Amino acid sequence: MINFSDYGIEMWDDEKIASFRRTLLAWYDNEKRDLPWRRTKNPYHIWVSEIMLQQTQVATVIPYYERFLAWFPTVDALATAPEEKLLKAWEGLGYYSRVRNMQTAAQEIMDDFNGEFPSTYEAILSLKGIGPYTAGAIASIAFNLPEPAVDGNVMRVMARLFEVNYDIGDPKNRKIFQAIMEVLIDPERPGDFNQALMDLGTDIESAKNPRPDESPIRFFSAAYLHGTYDKYPIKLPKKKPKPLQIQAFVIRNSTGDFLLEKNTDGRLLGGFWSFPIMETNFIEQQLDLFETDNAKNTLKTRSQKTLFKEDYQLNPTWTNQTFNHVKHTFSHQKWTIELIEGSVNSTAFTKDRELRWVAPDQLSAYPMATPQKKMLKEYLKMEK
């Protein structure tokens with residue numbers, strides 16, 4: 001346990017802590033959201049919901065959650081699921097390492113825990129892709145263990161309660177909020193306590209447009225009482241995602257099939273299918289269009305097409321069709337994608353890549369990440 005005074009935090013006495021618990025839980029009993037994963041104590045179901053809720057809004061998660069459990073109703077079903085079906089179930093949620101880690105963890109449960117979901121915090125934490133927050137959520141909700149579930153929402157609420165002058169975005173400061181929660185958590189209803197703070201942090205005490213006057217715990221909040229609410233939590237700006245220019249090749253054969261490539265494991269969007277893509281400097285090339293040196297300009301615009309011909313052993317006839325740029329932002333990269341259209345008569349291609357000709361009415365059978373869906377939508381819009 002840390003010494004709170006070392007961090008400028010004045011911890012409450014036992015009476016105030018008990019009063020805080022009663023106030024928070026009374027509000028939760030009246031206002032809690034009716035969510036499908038709150039109708040169960042099944043640790044597998046709770047785990048699926050918690051992983052999906054990372055980086056994703058509740059309204060988006062609900063249909064994914066219900067479909068995922070219909071497709072993979074047990075830990076064993078998840079452990080043995082084919083990769084394409086697994087990725088199809090997660091298609092559109094993003095952060096795909098989450099579902100890959102889930103399958104690895106499911107295999108660990110089958111191998112190391114005889115197929116039974118582990119029931120201690122330490123054992124849950126040992127599973128692939130499960131950190132302290134998720135382990136705390138599962139342990140408290142499914143097994144009623146007094147383990148805090150400290151995420152960004154909870155840290156925001158705690159920062160305002162105690163005027164914590166430490167950046168909540170800095171991982172090394174998480175121990176401060178973990179220690180606060182270990183003191184405050186209700187030992188009788190730890191799962192409800194954690195979920196009450198989650199609900200509070202995503203709505204009334206949200207990061208944007210909070211409503212402090214409506215907070216049930218406002219009279220416990222030092223920031224509210226001292227008029228410093230706007231100062232907390234302290235969070236330094238994130239690094240901006242790196243801009244990348246991407247060229248995508250929309251190649252069709254004589255029967256109208258699209259050429260799709262499966263991204264290799266270990267790459268961004270590994271396991272998903274998309275139009276062949278490569279990084280390029282097409283924005284720089286476009287600027288060259290204003291130059292008078294046509295030969296130089298032609299050489300530059302041909303360079304990516306030449307690379308495509310060499311890498312894929314296809315020689316398309318390129319069209320002059322232009323498309324709006326497709327934009328997509330990941331946590332660390334910001335893509336601007338230019339589509340280039342071409343057609344081929346031969347359906348042979350290199351054996352060094354995982355490629356497939358896919359009829360338009362079969363595209364939905366292939367797992368595709370959001371950037372590919374955006375590219376396809378843009379292409380079909382111009383095709384009409």
Side-chain angles (χ1 to χ4, degrees), residues 50-58 60-61 64 83 86-105 127-134 150-156 166-174 177 201-202 206-208 233-249 260-286 304 307 311 324-339 353-354 367-378:
E50 288 297 338
I51 298 298
M52 285 188 171
L53 286 165
Q54 294 170 13
Q55 311 290 341
T56 311
Q57 297 293 320
V58 167
T60 302
V61 164
Y64 277 96
E83 182 191 50
L86 190 70
L87 293 176
K88 192 69 181 174
W90 207 265
E91 184 182 76
L93 279 177
Y95 300 90
Y96 295 101
S97 61
R98 294 182 294 172
V99 73
R100 295 182 186 281
N101 289 340
M102 282 183 70
Q103 184 168 58
T104 301
L127 298 173
K128 178 73 171 178
I130 294 185
Y133 163 77
T134 304
V150 180
D151 67 352
N153 289 313
V154 170
M155 286 193 282
R156 183 166 55 253
Y166 290 86
D167 178 10
I168 67 169
D170 188 336
K172 74 174 182 290
N173 293 330
R174 189 185 182 281
F177 300 95
T202 56
S206 61
K208 296 179 180 177
I234 293 170
K235 189 173 184 180
L236 299 178
K238 283 184 180 178
K239 243 170 91 173
K240 289 186 178 179
K242 175 186 176 184
L244 287 181
Q245 284 78 55
I246 304 292
Q247 206 132 43
F249 300 90
L260 294 186
E261 179 173 14
K262 188 177 183 181
N263 287 308
T264 55
D265 290 340
R267 286 179 57 192
L268 185 61
L269 306 180
F272 285 87
W273 293 83
S274 75
F275 297 141
I277 59 174
M278 62 179 70
E279 190 175 346
T280 183
N281 62 340
F282 66 81
I283 289 179
E284 189 177 295
Q285 292 171 8
Q286 287 184 337
Q304 298 298 321
L307 284 173
D311 289 351
N324 292 326
H325 287 164
V326 173
K327 297 182 184 294
H328 186 78
T329 302
F330 300 93
S331 59
H332 62 302
Q333 293 180 359
K334 185 175 183 179
W335 285 11
T336 300
I337 308 167
E338 181 188 47
L339 303 181
R353 295 170 176 266
E354 192 160 355
M368 294 179 181
T370 301
Q372 169 60 19
K373 289 185 173 183
K374 289 181 179 179
M375 287 188 277
L376 184 60
K377 182 178 179 181
E378 178 59 32

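All of these numbers come straight from a predicted model, not from anything done at the bench.
No side-chain heavy atom of Y166 sits less than 4.5 Å from a side-chain heavy atom of K172. At a threshold of 4.5 Å between non-hydrogen side-chain atoms, the residues E261 and F249 do not count as touching. Counting heavy atoms from C-beta outward, V150 and P132 have side chains that stay 4.5 Å or more apart. With a 4.5 Å cut-off on side-chain heavy atoms, L244 and F330 do not count as touching.
Within the 3.5 Å criterion, the main-chain N or O of E91 finds a donor-acceptor partner in the side chain of Y64. For the pair R353 (side chain) and P276 (backbone), a donor-acceptor distance under 3.5 Å is absent. A donor-acceptor pair is defined here as one N or O able to donate and one able to accept, closer than 3.5 Å; such a pair exists between the side chain of Q372 and the backbone of F275. A donor-acceptor pair under 3.5 Å is formed between the side chain of T56 and the backbone N or O of M52.
Rounding to the nearest 0.5 Å places OG1 of T60 at 10.0 Å from CG of L53. Rounding to the nearest 0.5 Å gives a distance of 7.5 Å between OG1 of T280 and CD of E338. Taken from NZ in K334 to CD in Q245, the straight-line distance is 11.0 Å, to the nearest 0.5 Å. How far CD of E378 is from CD1 of I337: 10.5 Å, rounded to the nearest 0.5 Å. In this structure, the separation between OH on Y95 and CG on N101 is 14.5 Å, given to the nearest 0.5 Å. Between the NZ atom in K374 and the NZ atom in K327 there is a gap of 10.5 Å [rounded to 0.5 Å].
The minimum heavy-atom distance linking G271 with E83 is given by the pair CA-OE2, 4.2 Å. Nearest heavy-atom pair across A248 and I277 is CB-CG2, 3.8 Å. Closest non-hydrogen pair, G92 versus T370, comes out as CA-OG1, 3.9 Å. Heavy-atom minimum distance, N263 versus S274: ND2-OG, 4.0 Å.
The side-chain contact (heavy atoms from CB on, under 4.5 Å) search around D167 returns D170, N173, I234, K235, L236, not counting sequence neighbours. Not counting sequence neighbours, the partners of A105 by the side-chain contact (heavy atoms from CB on, under 4.5 Å) test are W47, E108, L127, K128. Partners of P233 according to the side-chain contact (heavy atoms from CB on, under 4.5 Å) rule, which considers only residues two or more places apart in sequence or in another chain, are R156, A159, R160, I168.
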message: side-chain contact (heavy atoms from CB on, under 4.5 Å) for W273 and L87? Distances and angles first, verdict last.
response: CA-CA 10 Å; W273 293 83; L87 293 176; over 6 Å; no
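Screening R98, Q54, Q55 for a side chain to side chain contact (heavy atoms under 4.5 Å, CB included) involving L93 leaves a single residue, R98.
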